[in-house]
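Written out below as structure tokens is the structure these notes cover.
Naming convention: chains lettered A, B, ... in sequence-line order (proteins, then strands); numbering from 1 in each chain.
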Protein chains: 2
Amino acid sequence: MKMISVLAEPNRLHIVELLRDGPLTVGEIAEQLGIRQTQASKHLRVLSEAEIVEVTAIANRRIYKLRPERFKELNTWLESFRSIWDERFDRLDDYLHKLQEKEKKHGNKK
Amino acid sequence: MKMISVLAEPNRLHIVELLRDGPLTVGEIAEQLGIRQTQASKHLRVLSEAEIVEVTAIANRRIYKLRPERFKELNTWLESFRSIWDERFDRLDDYLHKLQEKEKKHGNKK
DNA sequence: TTTAAATATTCCCTTACAAGAATATTTAAT
DNA sequence: ATTAAATATTCTTGTAAGGGAATATTTAAA
């Protein structure tokens, strides 16, 4: 889940949300976020290395867009928590039972 | 998406993954992660304040478990990227067309 | 053929934050 | 009544990483 730490940075998260609506150049991204071009480039570099975005060079412009893979991965990871949001059966009860058993064993030793 | 920055810390991510399989005490978590109890407590505090986990006090034990809400939120956020992983239509083409139009306009002015 | 635009890179500085150590607090055990 | 176990909190320190400024590089424009 390297992706998560990369997206932890607010500007990078924002960039990703911008690109959700389609590709953009570095300048456009910097403008929309209200940050300097040089910072935008840096963040885009990190996003590139994490394979979250990819770039297409057109003359002196760089057009960035999202790559799907990492999002799919994140989705798979999140899927593994699906059982949690059935709040119905709460494993806490089970756990408490186990705890009680342990306590009883201890009691018997005495 | 506060959740993302909280989960960016490797130990916290690990804790969440541990709790996926059911509730655990602080001591158990610390043991599994191979970190000191004091660090585990700190990370659990952050996770609590982010409402990612909740705690049940039994005597001098604290049993932590996941809360579903934040995961649901993350899922909703991730849903908003679903259109991306249909790689079929790539908005890059559209963007390039727009660029070309701009270039032509410039050319005509000359 | 110089100048301007778009982007990337490097260096420095500052700040946020995780780890360590020590200690406090609550409850259980003896 | 003491001692031990489980957990939380506070203080300090070291470090990773983001922002600023300056500059390099590539391509377009005049």
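- A salt bridge between R70(A) and E73(A) is present, with a side-chain N of the basic residue lying under 4.0 Å from a carboxylate O of the acidic one.
- The shortest distance between the side-chain N/O atoms of R61(B) and the OP1/OP2 oxygens of dT26(C) is not below 4.0 Å.
- Put simply, CD1 on I29(B) is 9 Å from P on dT7(D), counting in whole angstrom units.
- Against DNA chain D, the stretch residues 33-52 of chain A makes heavy-atom approaches under 4.0 Å through R36(A), T38(A), Q39(A), K42(A), H43(A).
- Atom P of nucleotide dA16(C) and atom CZ of R12(B) are separated by 16 Å, given to the nearest angstrom.
- The interatomic distance linking I63(B) (CD1) with dA6(D) (P) rounds to 13 Å, in whole Å.
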**OP:** Just do the salt bridge (Lys or Arg N to Asp or Glu O under 4.0 Å) check on R82(B) and E79(B) with the steps written out, would you?
**Re:** CA-CA 5 Å; R82(B) 280 286 150 73; E79(B) 289 277 1; 2.7 Å; yes

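- No donor-acceptor pair closer than 3.5 Å links the side chain of R67(B) to the backbone N or O of I52(B).
- When atom types are taken as modelled, the side chain of S5(B) and the backbone of M1(B) share no donor-acceptor pair closer than 3.5 angstrom.
- In this structure, the CD1 atom of I15(B) is 14 Å from the C1' atom of dA19(C), given to the nearest Å.
- Side-chain atoms of R12(A) never come within 3.5 Å of backbone atoms of L7(A) as a donor-acceptor pair (strictly under, hydrogens ignored).
- Here dT7(D) presents its C1' atom at 14 Å from CD1 of I58(B), a figure rounded to the nearest Å.
- Rounded to an integer number of Å, the gap from CG of N60(A) to C1' of dT27(D) is 5 Å.
- Phosphate proximity of dA19(C) to N11(B): present, with a side-chain N or O under 4.0 Å from OP1 or OP2.
- Taking F81(B) as the reference, F71(A), W77(B) meet the ring pair (Phe, Tyr, Trp, His ring centres under 6.0 Å) condition, with sequence neighbours excluded.
- A close approach under 4.0 Å does not occur between any side-chain nitrogen or oxygen of Y64(B) and OP1 or OP2 of dA6(D).
- If you check dT7(D), dT27(C), dG18(D) against the side chain of R62(B), the one that comes closest is dT7(D).
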